[in-house]
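Report on one structure; see the data block that follows.
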Protein chains: 2
Amino acid sequence: MKKRPIPPALPVAEDLRASYYWTRIREFGKKYKAFDWPAVRTLLTFVYTYDVLMVHFTKLMAGYGLSPAVFNVLMILSRSSGKKLKQHDISKLLLVSRANVTGLVNALVRKGLAKREADRSDGRAWLVKITPKGKALLESYLPHHYTTIHRIFSEFKPDEKKELFRLLCKFKSGIR
Amino acid sequence: MKKRPIPPALPVAEDLRASYYWTRIREFGKKYKAFDWPAVRTLLTFVYTYDVLMVHFTKLMAGYGLSPAVFNVLMILSRSSGKKLKQHDISKLLLVSRANVTGLVNALVRKGLAKREADRSDGRAWLVKITPKGKALLESYLPHHYTTIHRIFSEFKPDEKKELFRLLCKFKSGIR
DNA sequence: TATTGTTATACTCTATAACTATA
DNA sequence: TATAGTTATAGAGTATAACAATA
């Protein structure tokens with residue numbers, strides 16, 4: 001007796017969804033002079049991949065009480081080699097507003113993951129420092145983080161990783 | 001007399017910022033068994049590229065009174081070939097909650113870009129339809145949209161676009 | 001006058017839960 | 001009982017503008 005085929009599960013449904021939508025975008029695209037399907041489908045895949053990636057990492061981080069923005073701040077604090085950073089430094093490294101950093105640092109302080117110290121050489125500024133608790137949390141999370149990244153690329157040959165990196169850099173530099 | 005060197009402008013500053021941050025991430029990464037720098041730098045570039053891309057398109061759309069989420073809904077309505085969609089259909093195509101779609105459709109209706117019609121075959125449902133005004137707005141925006149995408153990829157050879165598409169698909173399928 | 005940080009406010013995008021009306 | 005949509009509420013992440021304190 002023949003084996004039953006494996007029932008088409010979620011990925012197929014997602015592909016149907018994508019093709020339903022994309023087929024039409026491609027069809028309608030013919031109307032536009034500049035429409036470049038190989039470029040458009042690459043961009044759509046890029047955006048869709050980002051969504052999938054962020055859902056994945058947001059869940060992973062949530063298991064440690066972290067959010068992506070908070071994780072980024074914690075990484076910056078942890079990787080500054082003991083050098084205490086002003087909030088304004090963080091805002092420049094993260095490319096977000098100072099007001100935003102106030103909120104993110106508040107969140108870290110509330111959880112005991114960072115603390116503020118007065119800057120003796122500049123009365124306007126705070127110096128932000130990761131606490132042992134913050135360091136411990138980050139160090140408990142990071143092995144999972146890096147293992148996940150490694151696994152995502154596990155089917156990539158070294159040259160493919162390099163090539164994707166190169167093409168992404170080229171892509172980024174094309175945006176202006 | 002020697003010419004003054006061109007002052008290093010934004011891109012260089014950004015690269016410095018990135019290298020400041022990345023150099024440390026790479027240095028510290030050595031501690032972790034699974035740390036795979038070619039993978040990590042590709043992922044960081046991917047995320048950074050997305051940020052740059054979204055800032056760019058968000059601004060472009062804002063010039064037409066559109067936001068990314070509203071644009072997506074408008075595209076779905078416009079590309080459904082006259083077939084009126086239930087809000088639930090939109091939520092499935094967009095992979096967002098029904099409550100979310102209510103808000104997005106409200107925004108479109110408020111601006112006169114879409115309208116709701118009763119579904120005669122299902123008293124629970126609304127059928128959502130793009131209005132001529134919505135169509136006109138979308139059609140005024142799309143040439144810029146596609147021109148921008150084309151320009152972003154203008155330095156790509158056809159094979160490079162294909163390869164980036166392939167690698168992004170592979171990347172996406174590695175996320176689980 | 002310029003800079004650092006805070007507060008107030010607001011916008012986009014998203015979600016869940018409880019609800020109504022209908023199937 | 002299941003489904004379509006709405007409402008209320010929440011929360012993350014972002015921004016600008018006005019402000020106080022300090023440089």
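Just so it is clear, the values below take in all heavy atoms, side chains as well, and ignore hydrogens, waters and symmetry mates. Below, chains carry the letters A, B, ... as their sequence lines are ordered, and counting in each starts from 1.
At a cut-off of 3.5 angstrom, counting only N and O atoms as typed in the model, there is no donor on one side facing an acceptor on the other between the side-chain of R124(A) and the base of dG5(C).
Distance, F71(B) CZ to dT12(C) P: 17 Å, rounded to whole Å. Regarding R98(B), its CZ atom lies at a distance of 13 Å from the C1' atom of dA21(C), rounded to whole Å. Computed from coordinates, the R120(A) CZ to dT22(D) P distance equals 17 Å when rounded to whole Å. Computed from coordinates, the L104(A) CG to dT14(D) P distance equals 7 Å when rounded to whole Å. Atom pair Y50(A):OH and dG13(D):C1' shows a separation of 11 Å (rounding to whole Å applied). Protein atom CG of N106(A) is 18 Å distant from nucleotide atom P of dT4(C), rounded to whole Å. Atom CG of D89(A) is separated from atom C1' of dG5(C) by 13 Å (rounded to the nearest Å). A straight line from CD of E117(A) to C1' of dG5(C) spans 17 Å, rounded to a whole angstrom.
The shortest distance between side-chain heavy atoms of L108(B) and L77(B) falls below 4.5 Å. A heavy-atom distance below 4.5 Å is found between the side chains of Y32(B) and E139(A). Within the 4.5 Å cutoff, side-chain heavy atoms of L43(B) are placed close to those of F57(A).
Note on S67(B): a side-chain N or O is less than 4.0 Å away from OP1 or OP2 of dC13(C). Between N100(B) and the phosphate of dA15(C), there is a side-chain N or O to OP1/OP2 separation shorter than 4.0 Å. A close approach under 4.0 Å does not occur between any side-chain nitrogen or oxygen of S97(B) and OP1 or OP2 of dT14(C). Contact between the side-chain N/O atoms of R116(A) and the OP1/OP2 oxygens of dT6(C) is found at a separation under 4.0 Å.
In this structure, of dT14(C), dT7(C), dG13(D), it is dT14(C) that holds the atom nearest to the side chain of V96(B). Side-chain proximity of A69(B) to the nucleotides dT4(C), dA8(D), dT14(C) is greatest for dT14(C). Side-chain proximity of Q87(A) to dG5(C), dT6(D), dC13(C): nearest is dG5(C). Out of dG5(D), dT14(C), dT4(C), the shortest distance to the side chain of A125(B) is found at dG5(D). Here dG5(C) is the nucleotide among dG5(C), dT7(C), dA8(D) with the atom lying nearest to any side-chain atom of K86(A). Residue H88(A) has its side chain nearest to dT4(C) when only dT4(C), dA15(D), dG5(D) are considered.
Residue order along DNA chain D, read from the 5' end via each residue's closest nucleotide, puts G103(B) first among S121(A) and G103(B). Across the interface with DNA chain D, nearest-nucleotide mapping of D122(A) and L94(A) shows L94(A) to be the residue nearer the 5′ end.
Ring pair Y141(B)/H145(B) is tilted by interplanar angle, where 30° to 60° counts as tilted.
A cation-pi arrangement is found for K170(A) relative to F156(B), the charged atom lying closer than 6.0 Å to the ring centre and inside a 45° cone about the ring normal.
For R116(B), the CZ atom counts as densely surrounded, since its 6.0 Å shell holds more than 12 non-hydrogen atoms of other residues, nucleotides or ligands.
When heavy atoms are screened at a 4.0 angstrom cut-off, D119(A) is found touching no nucleic acid atom at all.
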